[in-house]
Amino acid sequence: MKEWWVQVGLLTMPILAVYLHIPPPSLSPALLSWKSSGGYFTYKDKNIFYRDSTGAVGSSDIVVLLHGFPTSSYDWYKIWEGLTQRFHRVIALDFVGFGFSDKPRPHHYSIFEQASIVEELVRHLGLHHQRINLLSHDYGDTVAQELLYRYEHNKTGSISINSLCLSNGGIFPETHYPRLIQKILKDGGLLSLIITRLMNFFFFSRGLGAVFGPYTQPSSAEYWDMWTAVRTNDGNLVVDRSIGLGAEDPDLLPFESSFQAVQHLGAPSSV
């Protein structure tokens with residue numbers, strides 16, 4: 001009996017080793033086109049992916065799109081063309097740790113760093129003297145709030161915000177209930193390390209599908225593109241770090257101050 005278990009172990013270990021180091025899937029034509037249409041800038045020796053499209057003639061409006069967790073700027077691909085018909089410049093980026101941007105290990109990921117990356121992108125594009133419309137989703141909502149806080153308090157390097165649209169995010173701490181998997185990943189430790197190593201497309205798509213409604217489920221191809229973006233640069237190994245700060249984290253910006261600033265901005269009519 002003992003020898004049988006030894007043989008099973010010897011057979012299982014190399015198979016598991018191969019599985020844990022399986023290469024990322026190839027980019028689909030749609031995802032490859034998205035990447036090819038973008039570029040990179042450098043923030044503190046990290047390469048950050050972004051897309052910048054010139055759109056409507058006669059408009060001077062600029063919109064910057066902030067994606068959710070655990071996805072990427074590709075979140076916006078379905079409405080990209082529509083936005084270019086409304087805005088003069090449509091800009092989106094992959095936060096550090098996401099999509100095609102660098103995913104360093106070890107690294108202390110934070111909402112504050114992501115906000116600074118957005119500010120640096122605006123400066124890189126020479127738009128820091130212009131008013132920016134922000135359209136954010138999920139994780140990007142918290143980044144947008146930090147940007148709003150900096151703008152309202154005239155922080156050095158802050159971008160000038162013309163309007164802000166927050167969508168589908170845990171922006172009210174008292175009503176934000178993270179999923180169990182989010183709590184486990186955020187807490188770190190051995191369990192999150194095991195989960196990130198064992199994460200695969202099946203569990204990824206099942207987990208992400210739970211946040212969509214019954215009539216808004218992504219297609220299999222869309223799930224696969226999301227998973228591919230996560231797996232690029234071994235992003236599955238940093239999701240426990242890049243998940244960022246939960247609403248209960250004491251390091252988050254003052255929510256009350258940021259929402260007072262929203263009132264000062266008025267309704268986001270241009271987004």
Side-chain angles (χ1 to χ4, degrees), residues 26-43 46-103 114-141 143-144 147-148 151 157-169 218-219 221-222 224-226 228-230 232-233 235 265 268-271:
S26 300
L27 303 185
S28 69
L31 199 56
L32 181 60
S33 175
W34 183 267
K35 182 181 181 182
S36 300
S37 299
Y40 291 87
F41 78 101
T42 302
Y43 175 82
K46 302 173 189 67
N47 293 316
I48 305 299
F49 175 83
Y50 71 95
R51 281 199 65 182
D52 177 16
S53 294
T54 301
V57 177
S59 171
S60 60
D61 287 343
I62 301 164
V63 62
V64 175
L65 314 175
L66 309 178
H67 68 80
F69 176 90
T71 48
S72 66
S73 58
Y74 192 64
D75 281 354
W76 308 104
Y77 85 97
K78 284 188 176 181
I79 63 171
W80 192 266
E81 183 177 352
L83 290 172
T84 60
Q85 295 172 6
R86 170 63 181 84
F87 294 93
H88 174 61
R89 296 277 288 276
V90 181
I91 301 162
L93 77 159
D94 289 347
F95 294 126
V96 64
F98 296 81
F100 298 120
S101 292
D102 282 351
K103 300 168 180 176
Q114 306 290 21
S116 296
I117 289 173
V118 176
E119 291 174 338
E120 183 60 32
L121 173 59
V122 171
R123 283 192 291 272
H124 172 75
L125 297 175
L127 303 174
H128 50 289
H129 296 305
Q130 300 192 43
R131 294 180 66 79
I132 304 296
N133 301 289
L134 291 177
L135 173 56
S136 64
H137 167 68
D138 188 58
Y139 179 95
D141 286 351
V143 178
L147 291 167
L148 181 59
Y151 165 65
S158 63
I159 63 177
S160 179
I161 299 177
N162 182 57
S163 71
L164 171 61
C165 180
L166 307 172
S167 68
N168 194 36
S219 67
E222 289 169 333
W224 189 254
D225 283 338
M226 294 177 194
T228 300
V230 169
T232 298
N233 297 331
L265 284 174
S269 58
S270 61
V271 177

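Every value quoted in this text rests on a predicted model; they were computed, and no experiment measured them.
- Side chain of Arg123 to main chain of Gly157: a donor-acceptor pair is present (N/O by atom type, distance under 3.5 Å, no hydrogens or angles).
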Quick one: do Trp76 and Val90 satisfy side-chain contact (heavy atoms from CB on, under 4.5 Å)? Show the steps, please. CA-CA 11 Å; Trp76 308 104; Val90 181; over 6 Å; no
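- Summarising the geometry of Ser28 relative to Asp225, their closest heavy-atom pair is OG-OD1, 2.6 Å, with the distance given to 0.1 Å.
- Inter-residue side-chain proximity for Glu119 and Ser158 is flagged as met; some heavy-atom pair is nearer than 4.5 Å.
- The CG atom of Leu65 sits 12.0 Å away from atom NE2 of His137, with the distance rounded to the nearest 0.5 Å.
- Under the 3.5 Å distance criterion, the side-chain polar atoms of Lys103 are matched with a main-chain donor or acceptor of Thr232.
- Of the inter-residue distances, the one linking Leu148 atom CG with Leu134 atom CG reads 8.5 Å to the nearest 0.5 angstrom.
- Here the side chains of Asp102 and Ile48 are not in contact, with every heavy-atom distance at 4.5 Å or above.
- When all heavy atoms of Ile132 and Leu127 are compared, the closest pair comes out as CD1-O, 4.2 Å.
- Across all their heavy atoms, Ala144 and Leu164 have their closest contact at CB-CD1, 3.8 Å.
- The aromatic rings of Phe98 and Phe95 lie perpendicular to each other, with more than 60° between the two planes, well past the 30° mark.
- Atoms CG and OG, from Asn133 and Ser163 in turn, are 3.5 Å apart once rounded to the nearest 0.5 Å.
- Put simply, the side chain of Ser37 gets close to the backbone of Ser33: a donor and an acceptor are under 3.5 Å apart.
- Within the 4.5 Å cutoff, side-chain heavy atoms of Leu27 are placed close to those of Phe100.
- Tyr40 contributes atom OH, which lies 7.0 Å from atom OG of Ser101 (distance to the nearest 0.5 angstrom).
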Can you list the steps and then say if Thr54 with Arg89 is a side-chain contact (heavy atoms from CB on, under 4.5 Å)? CA-CA 5 Å; Thr54 301; Arg89 296 277 288 276; 4.0 Å; yes
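- The heavy-atom pair separating Asp94 from Ser72 by the smallest distance is OD1-CB, 3.5 Å.
- Using a 3.5 Å distance cut-off with no hydrogens or angles, the side chains of Ser53 and Trp80 do pair a donor with an acceptor.
- When all heavy atoms are compared, the tightest approach of His67 to Thr71 is CE1-O, 3.5 Å.
- What you find for Ile161 and Arg131 is that their closest heavy atoms are O-NH2, 3.0 Å.
- In this structure, Ile62 and Leu125 have side chains that are not in contact, with every pair of non-hydrogen atoms separated by 4.5 Å or more.
- Asp138 contributes atom CG, which lies 11.5 Å from atom CG of Leu66 (distance to the nearest 0.5 angstrom).
- Inter-residue side-chain proximity for Ile91 and Arg51 is flagged as unmet; no heavy-atom pair is nearer than 4.5 Å.
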Could you please spell out the steps behind the salt bridge (Lys or Arg N to Asp or Glu O under 4.0 Å) verdict for Glu222 and Lys78? CA-CA 11 Å; Glu222 289 169 333; Lys78 284 188 176 181; 2.9 Å; yes
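- Using cut-offs of 30° and 60° on the angle between ring planes, the pair His124 and Phe41 is parallel.
- Between Leu121 and Tyr43 the shortest side-chain heavy-atom distance does not fall below 4.5 Å.
- How far OG of Ser36 is from CG of Leu31: 9.5 Å, rounded to the nearest 0.5 Å.
- Using a 4.5 Å heavy-atom threshold, the side chains of Gln114 and Tyr139 count as touching.
- Using modelled atom types, one side-chain atom of Ser167 and one backbone atom of Ser136 make a donor-acceptor pair closer than 3.5 Å.
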